[in-house]
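The structure under discussion appears below in the form of structure tokens.
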There are 2 protein chains.
Amino acid sequence: MTRRQAPSQRDVAELAGVSSQTVSRVVNNRTNVDASTRERVLSAMHVLGYWTNGAARALATGQSRSFGVISFDLSAHGNARTIEAIAAAAADADYSVNIVGISAPTEEAVQRAYTRLTSQAVDGVVLIEARILDTATVHLPTGVPVVIADGDPGRSFPAVDINQAAGARSATRHLLDLGHQTVWHVAGPRDSHAALRRAAAWHATLKDAGRTVPPLLFGDWSADSGLEAGRSLAAREDVTAVFAANDHMALGIIRALHEAGRSVPGDVSIVGFDNVREASCFLPPLTTIHQDFEAVGRRCVELLLHQMAGEGSGGPTPGTLATIMPRLVERASTGPPPGP
Amino acid sequence: MTRRQAPSQRDVAELAGVSSQTVSRVVNNRTNVDASTRERVLSAMHVLGYWTNGAARALATGQSRSFGVISFDLSAHGNARTIEAIAAAAADADYSVNIVGISAPTEEAVQRAYTRLTSQAVDGVVLIEARILDTATVHLPTGVPVVIADGDPGRSFPAVDINQAAGARSATRHLLDLGHQTVWHVAGPRDSHAALRRAAAWHATLKDAGRTVPPLLFGDWSADSGLEAGRSLAAREDVTAVFAANDHMALGIIRALHEAGRSVPGDVSIVGFDNVREASCFLPPLTTIHQDFEAVGRRCVELLLHQMAGEGSGGPTPGTLATIMPRLVERASTGPPPGP
DNA sequence: TCCGCCGGGCCTGGGGCCAAG
DNA sequence: TCTTGGCCCCAGGCCCGGCGG
């Protein structure tokens, strides 16, 4: 069979016996079309199976009704949840979402991604800047609204930010309040904004409380890296409390502790970060910091829409920061330190 | 500040003192441009910060160099991994990926999503049809290549399919081979293709082996639903082997068993499905069926590209089926049944 | 004269074809 | 033969003008 050519407004116009301009009006729900004319056009559209050509409309209007999302590691839990929320919020505003993944955390890769997106004529971009780039500032070609999620809020773009410090602080405080002398920390990778901010807040909280701060361990977010860190933790008698920078590493740590015959929370308490959906079914159920990824996604598109609206009318918001607060959810992996 | 208008080929042409046609040639890397002319054009492009307008190009060429992906539940583990792989494979072929989520498993929702995508002028669509639609056949407007992933391979579209039956069979057989009299199954939701196919294969395997088949339990993929199913399983003395339709439900089941004082795998063996990255850190490390989501994603874009290439030249592949084989990975959650 | 409905012409940014230098 | 420019087309949208009541 031969490839069926998509019908154009002209075809519809011809069949309905009107001008293509009238068809355009009907398509865009203009009021100044006679009811019977609209009816004829509509049925002609239906007969022909007409659907509006997005490329042509985008060209004519200068708007594509789509947003771009740039992200590392699309399948990482937090990113996947955030993207899902962005897609949902965008759909509500009748926008679609164009995803591009980044393999290496270099500015060049971000540039390429941005380029790919602008060549798709997106109306806005959200950059999920989970990793630190190799240069201090991304220099994005201007012209398209940008929002940064999960990145360095010090940038000159509007950003939506989960308050990592508050989350890490409440995790650490929770453990201290339980009576632990100090708390160990297994951080995420060194090139992660979130990891660094959590580690810094853990450090500060310990300092403020006048506690000694134990050496910092690093993982890569994976359960396996948590397992490894957990093994070195398990080798020391003096650790009674650990704050893991995410739930999966916490899982690995728990397994390591378990293998070493230390009980959780009897001998050592653990708190994670993320509140992964299955955290309540860990053994033991994990105390962790809940992050509201859905809110992040929603705020991202709100900020984008807001920038687009403000454009030209002395637009506001060149540096806005929307902060989402995480919260502690207590389950069974934490308790008082073992008696002497 | 006023909104800077994006420069066009015409602007570049003017600055470089050539025709816009020549600029077009340079942009598209045509060979028939004099080196010095190309140089002038290139530098003019650079000065102006020119970038090609995707909408205009799409209109002129009829190709947008982007694919659409329709999926339920973007953040579900398997879907997220598949989408990531699609995005990567698409990027390799210099395509970008337009995501649209579906909330309800109705054909109407799929139609809307498809409509949204075609209005974005995508060159192909992959439908991750994890849920069963409310009508037997999706009737997609023709004109754009479609590939179905993770859905009903009986459709008239090319599909890439993980062999769910083979996976479920090897899970069940593994348990039987270990000496268990029969194996219980906690299935995914009733409206899931994958869940149904796994359950059917479990059933058939038991029948073939002449075993009694215990009542089927249903969950919804979540760990919490696994917990619930696990509790009813734990209430019966005679269950020694359980095949869970995914790893997260397996986690919930393990927790339920643990709470009931039954050991895994001492008293009851468990195998999951997915091979989630952290499965090796469960307590105990989970025996499960590995699914190669990356392969699925890659094959999807291969099939799309293939359809696009075959178009017109007596195109082949109107019903192709690419099958990906899952495999059992043995860890510590399975063993022989307890002695009498 | 004003208003509701409709069509003509031109514009969006680029690409293909063809002829000319 | 190789380079280059003119012209028209892609599919729609907007401005403006016209027609009729």
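Each chain gets a letter, A, B and so on, in the order its sequence line appears, and its residues count up from 1.
Partners of B:Ser8 according to the side-chain hydrogen bond (donor to acceptor under 3.5 Å, both in side chains) rule, which considers only residues two or more places apart in sequence or in another chain, are B:Asp11. Legend: residues meeting side-chain hydrogen bond (donor to acceptor under 3.5 Å, both in side chains) with B:Ser19, ordered by chain and number and at least two apart, are B:Thr22. A:Ser43 pairs by the side-chain contact (heavy atoms from CB on, under 4.5 Å) definition with nothing, not counting sequence neighbours.
Applying the 4.0 Å criterion to OP1 and OP2 of D:dT4, one finds that B:Thr22 has every side-chain N and O outside that range. Within the structure, a side-chain polar atom (N or O) of B:Thr37 is placed less than 4.0 Å from OP1 or OP2 of D:dT4.
Whole-Å rounding puts the A:Asn32 CG to D:dC19 C1' distance at 15 Å. Across the protein-nucleic acid pair, A:Arg38 atom CZ and C:dC6 atom C1' stand 13 Å apart, rounded to whole Å. Atom-to-atom, CG of B:Leu59 to P of C:dC11 comes out at 17 Å; the value is rounded to the nearest Å. Regarding A:Leu48, its CG atom lies at a distance of 14 Å from the C1' atom of D:dA11, rounded to whole Å. Distance CG (A:Asp34) to C1' (D:dG20): 13 Å, rounded to an integer number of Å. C:dG13 atom P lies 18 Å from atom CD of A:Gln120, rounded to whole Å.
The shortest side-chain heavy-atom distance between B:Thr106 and B:Val110 does not fall under the 4.5 Å cut-off.
By the 30° and 60° cut-offs, the orientation of the rings of B:Phe67 relative to B:Tyr95 is parallel.
Salt-bridge annotation for A:Asp94 and A:Arg65: present, with a side-chain N of the basic residue lying under 4.0 Å from a carboxylate O of the acidic one. In summary, A:Glu14 and A:Arg10 do not engage in a salt bridge, as defined by a charged side-chain N under 4.0 Å from a carboxylate O.
Computed from C1' positions of five pairs at each end, the angle between the two local axes of the helix from C:dC2-D:dG21 to C:dG21-D:dC2 equals 50°, rounded to 10 degrees.
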- Message: Counting primed atoms plus P, OP1 and OP2 as sugar-phosphate and everything else as base, spell out the protein contacts along nucleotides 14-21 of chain C at 4.0 Å heavy-atom distance: B, S or - for each nucleotide, 5' to 3'.
- Response: BBB-----

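The side chain to side chain contact (heavy atoms under 4.5 Å, CB included) with B:Val69 is formed by just one residue from the set B:Leu127, B:Ile86, B:Leu117, B:Val122; it is B:Ile86.
For residues 294-305 of chain A, the pairs satisfying side-chain hydrogen bond (donor to acceptor under 3.5 Å, both in side chains) are A:Arg81-A:Glu294, A:Arg299-A:Glu302, with sequence neighbours left out.
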